Amino acid sequence: MKALRGLGIGWLVLVLIFLLGPTLVVLVDSINSATSFPSPFEQATLRWYRALGEHEEFLDAAINSVEIALASSAIATLCAFLGGFALSRRRVRFGHAISTAMLSPLFIPEIVIGLAILQVLGLVALPLSMLTLIVAHAVFVLPMALRLTLSGFSRFDFGLLDAARSLGANPARAMLAVTLPILRPSLIAGFTLSAVFSFVNLPLSMFLTTPRTATLPVVVFAYMESRIDPMIAALATLVVLIAAAATIGVDRFLRIRILD
Amino acid sequence: MARLRSGASVSAWLLAPASLLLIAGIAVPLCATIWLSLSPNVLVHFDGKGLGNFQYLFKSKYYYGVIIRSLRIAAEATVIALIVAYPVALTLRRMASRRASAVGLAMMLPVLSGPLVVVLGWMILLSDGGPLLAPLTPYIGRLRIVGSETGIIVGIVHFILPFTVISLASVLRLIPENLVEAARSLGATPLEIFRRVLLPLSLPGLLSAAIIGFSLAASSFIAPHYLGGPADVTLTALVAQFVLATFNGEMAAAVAVLLLVLMAAIIFLLSIAAARSVRT
Amino acid sequence: MAYLELDRITKRYGTATAVADLSLSVVEGEMLCLLGPSGCGKTTTLRAIAGFEHVDSGAIRLGGVDVTDIPPEKRDIGLVFQNYALFPHLSVEENVAFGLRMRKRPAAEIRATVAEALRLVQLDGVGGRLPRQLSGGQQQRVALARAIAIRPRLLLLDEPLSNLDAKLRDTMRDEIRRVQRETGLTAIFVTHDQSEALAMADRMAVMDHGRIVQVDTPARVYDNPAHPFIAGFIGQANLIEGRVVEASGGTALIEAGGLRIGGHCRAALSVGQSAMAVIKTDRSRLMRGAGVADETTVPVRVTMRTFLGPFVSFTCENATGVKLSALMPSADAQFEAGESVLLSWRVEDCLIIPGVA
């Protein structure tokens, strides 16, 4: 039994190395002074980060990405909160079908969602805009927000709302004074992870951006078509840091337990 | 009864924003794509609406190859991911909630960093003279992983592994330790505990892990694009080619619809198989 | 004049009827208990009074005002939940203040009322803690304080003691009674535990299948169950079904399985009708000796002897297979399993009631 557990831990560590290796190696190459990419480590330098500052297209795209990430996650989190409340509170007719539908974007290739939105806009002759991107990203991150919200609601005692109402709170006030504060960690976690997912997504945005609304992954993708250099590793490192901050925040500060 | 509004109508209002988002963002757009996939275009000529585009895709040796390759890669990656993930999930089952979730979140880090970052990492690690393969060259010769189907599979397994681990582990963690202890007290060896208790009880988790893994594998676009060679085109890459290179919206739509239909069919078969295995 | 009046209320869920044409009057200042087995409709009745269930027909009047269509937040009814339903994100004080905040009372008044409510339930000094830092009994007290802080017109308690361990249950039972007396609140509590109901209630309403079968003081319900269901549900009794063979004045004789059993009766009985003899086990006695069987004595054999501390419970069986039990003080209980003895009772301790038709 003990030997088995040792084997299990060993396997877990190997899998973690496999999963985190490619991400961590990018960190190393971003401070490698060698100019060709990839190449063995020579000397530590921050020049690639300074070089990033000279590329305004990255900054502009990053601003677009942040705007889209925040707006789409806000929409998805609100939808997930209200919908999750309804689905968890009582048996809803077709409840299972509805929650499956809300999780369905997880099973539809992002590139197909992007294509479909591009084509419907074409058919009704509407131009691409930030709104298009925001809607597309909101749909895409909805499952993530919903998963976390539903798991928050699964531990929520709906009897508390009866208690609030017996004490004189109308349904809206009970929602604000009881449901919202108790669900807050799940909602913030859902919002944060959704925002990061949106921020790094490429296939969804690929067909939907214009030069003015290009997101960071789209610009980087275009750049990488022509060349790959350490500056991209520097940019990637910054993205990893954002993702790591979100992950640690969700775990440490919000104490969200994604497995239970 | 104006003041005591019925629960059902409140639920409907609460579900309205999400429904609206799904209708506007997925349902209506998919209808447009299905409509276009049935339409003639510069490549395939027919009258009115029809299945001509799909016939064309299946009849062409090249496109047929793409279809088979996509499914094969996704299936292989899913099976590998499940085999790798199951022991990890078994280990996570015994950990305290706090630590297990921290490990789960750590596994999500590459997913949250985005596919471009991960692909960049693989290009560094797996490049011909890179830190992983260079030391091995004297023993196994020059091994090309980037630019091959193996490269694609490594990339996809890497992407879907966290999802399979998490869906397996969250089901395995629901199995009470009591059951394992009961089996041990009745004389079961670890292997028998696994085969007769844990595996049967985790079948629903295995199914959902397989479904999520397969859908994400079949959906992946960036790993094949960078880690595959020019000959390793998949259905997602084909969609991108038809849109960005040949500007053929109808064919792009047909490929997209075909991909969705194939995925739905396979998910459906998996569900049936699982339902059977649970019953017997 | 009834303070709370349930006027023929009915509540259905689909085809199942949870509460059927139920009427009940509660007097101001009394503590009334709704007692019944699970699924009898007692919780539905309580939730209807609180406003969480909308009745399909009938009316609920509180202090002479029809509240049937008033939402729960406007009824001013304090509710103590079975699982307490304390807000986990709020401190004890904030929990108790919640109802006052909703009523937009001035801060100073809220502070004073909260302090008073916590003092009343003997919880001064834990106001700053979170509910999860309290013991079960303390959480129960907070729930009580929160419900009374709004000075409700009616206090409802849903199985208030069911989540407590046995010892704490007795303490809290007395506490709830004391708080209710001190505040002068009219209270209704729901329980499936007859001993709680007997100990706490001024009057109890026994429910079965969505109906009230008897409303009376605990002592009268205990001594004079009006219905075989109550006889079986309250106290431990030997229930013997048979047919009336003699009935005159206040006494009756029934025949059951070859036995003739004599007792007193309150309802008029006619010869030949089905009836039930109810003999409380604690009023049945065992004795040695070869007495003759008569209307209040049955020769039996002891089949099982169970020592319960102050009492010993005997399970016995007569020659025709009728099972009878007796509960006797340990000091007088010198009988062994297998022994042949006589089981007897006094006529006034055996109640004959009409059987279920």
Side-chain angles (χ1 to χ4, degrees), chain A residues 1 4 8-9 11-12 15-16 19-23 25-26 29 38 75 78-79 82-83 85-86 90 92 98 101-102 105 107 109-113 115-117 119-120 123 135-136 138-139 142 196 200 202-203 207 217 220-221 232-233 236 239-240 243-244 246-247 250-251 257-260, chain B residues 7 11 14-15 17-18 21-22 24-26 28-30 32-33 36 84 87-88 90-92 97 100-102 104-110 112-118 120-122 124-125 127 130 158 161-162 166 169-170 173 190 215 219 221-222 236 239-240 243 249 252-253 256 259-260:
Chain A
M1 230 40 188
L4 267 183
I9 299 280
W11 184 246
L12 173 67
V15 167
L16 274 175
L19 284 174
L20 298 178
T23 320
V25 78
V26 171
D29 269 52
I75 294 171
L78 182 69
C79 290
L82 298 176
F85 180 88
R90 65 176 81 215
V92 179
I98 294 169
M102 286 173 80
F107 301 99
E110 295 130 84
I111 201 164
V112 173
I113 301 178
L115 174 74
I117 292 178
Q119 295 191 321
V120 79
L123 285 183
V135 169
V139 167
L142 182 62
V196 176
V200 299
L202 168 66
F207 304 144
V220 171
F221 181 70
I232 293 297
V239 175
V240 172
T247 315
V250 165
D251 184 58
R257 303 284 169 253
I258 59 166
L259 284 182
D260 294 292
Chain B
S11 294
L14 291 170
L15 285 164
L21 183 62
L22 288 170
I26 291 222
V28 172
L30 276 184
T33 296
L36 281 176
V84 174
V88 176
L90 278 179
T91 306
L92 288 178
S97 172
S101 288
L105 272 170
M107 289 183 170
M108 286 303 282
L109 182 66
L112 287 167
S113 302
L116 284 173
V117 170
V118 172
L120 196 64
W122 281 125
I124 297 167
L125 281 174
S127 57
H158 182 267
L161 195 51
I166 286 170
S170 45
R173 286 177 67 83
S215 340
S219 308
F221 166 70
I222 294 175
T236 48
V239 173
V243 177
L259 176 58
L260 279 183

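Here is how names work: the chains are called A, B, and so on, in the same order as the sequence lines, proteins then strands, and each is numbered from 1. Everything quoted here is computed from the prediction, not taken from an experiment.
The two residues B/A240 and A/F207 have their closest heavy-atom pair at CA-CZ, 3.9 Å. Summarising the geometry of B/L14 relative to A/F85, their closest heavy-atom pair is CD1-CD2, 3.4 Å, with the distance given to 0.1 Å. The nearest pair of heavy atoms linking A/Q119 to B/A253 is OE1-CB, 3.6 Å. Heavy-atom minimum distance, B/F221 versus A/I111: CD1-CD1, 3.7 Å.
The side-chain heavy atoms of B/V117 and A/V200, taken from C-beta on, include no pair separated by under 4.5 Å. Side chains of A/P109 and B/L259 form a contact here, defined as non-hydrogen atoms less than 4.5 Å apart.
Within the 4.5 angstrom heavy-atom criterion, only side-chain atoms of B/V243, from C-beta onward, approach chain A. Heavy atoms of B/M107 lying under 4.5 Å from chain A belong to its backbone as well as its side chain. Looking at B/S113, both its backbone and its side chain come within 4.5 Å of chain A, counting heavy atoms on both sides. Only the side chain of A/L123 has a heavy atom closer than 4.5 Å to any heavy atom of chain B. Contact of A/A136 with chain B is not made at all, since no heavy-atom distance falls under 4.5 Å. If you measure heavy-atom distances from A/L142 to chain B, the contacts under 4.5 Å come from the side chain alone. Proximity to chain A involves both the backbone and the side chain of B/L30, based on heavy atoms less than 4.5 angstrom apart. With a threshold of 4.5 angstrom between heavy atoms, A/F107 approaches chain B through its backbone and through its side chain. Heavy atoms closer than 4.5 Å to chain A are found nowhere in B/L90, neither backbone nor side chain. Interface residue B/I166: backbone and side-chain heavy atoms are both found under 4.5 Å from chain A. Contact annotation for B/I222: only side-chain heavy atoms (C-beta onward) come within less than 4.5 Å of a heavy atom of chain A. Both the backbone and the side chain of A/V135 come within contact range of chain B, each with at least one heavy atom under 4.5 Å from a heavy atom of that chain. Only the side chain of A/I75 comes within contact range of chain B, with heavy atoms under 4.5 Å apart. Both the backbone and the side chain of A/L19 come within contact range of chain B, each with at least one heavy atom under 4.5 Å from a heavy atom of that chain. Of the atoms belonging to B/S219, heavy atoms from both backbone and side chain fall under 4.5 Å from chain A.
Counting heavy-atom pairs under 4.5 Å between each of B/A252, B/S215, B/A24 and chain A puts B/S215 at the top. Across B/L92, B/L36, B/V84, B/T236, the residue that shares the most heavy-atom pairs under 4.5 angstrom with chain A is B/V84. If you tally non-hydrogen atom pairs under 4.5 Å between each of A/V239, A/L16, A/L115, A/V250 and chain B, the highest count goes to A/L115. Counting heavy-atom pairs closer than 4.5 Å to chain A, the top residue among B/P17, B/S170, B/S97 is B/S97. Interface check for chain B: of the options A/P22, A/P105, A/A244, A/P203, the most heavy-atom pairs under 4.5 Å are formed by A/P22. With chain A as the partner, the residue from B/G104, B/P115, B/G121 showing the most heavy-atom pairs under 4.5 Å is B/G121. Each of A/A86, A/G8, A/A116 has some count of heavy-atom pairs under 4.5 Å with chain B, and the biggest count is that of A/A116.
To the nearest 0.5 angstrom, B/L125 atom CG is 8.5 Å from A/D29 atom CG. A distance of 4.0 Å separates CD1 in B/I26 from CD1 in A/I113, rounded to the nearest 0.5 Å. Between the CG atom in A/L12 and the OG1 atom in B/T91 there is a gap of 6.0 Å [rounded to 0.5 Å]. Atom-to-atom distance recorded for A/T247:OG1 and B/L112:CG is 5.0 Å, nearest 0.5 angstrom. Of the inter-residue distances, the one linking A/D251 atom CG with B/M108 atom CE reads 13.5 Å to the nearest 0.5 angstrom. Atom CG of A/L20 is separated from atom CG of B/L109 by 6.0 Å, given to the nearest 0.5 angstrom.
Checking A/V112, A/V139, A/V120 one by one against B/P29, the side-chain contact (heavy atoms from CB on, under 4.5 Å) holds for a single residue, A/V120.
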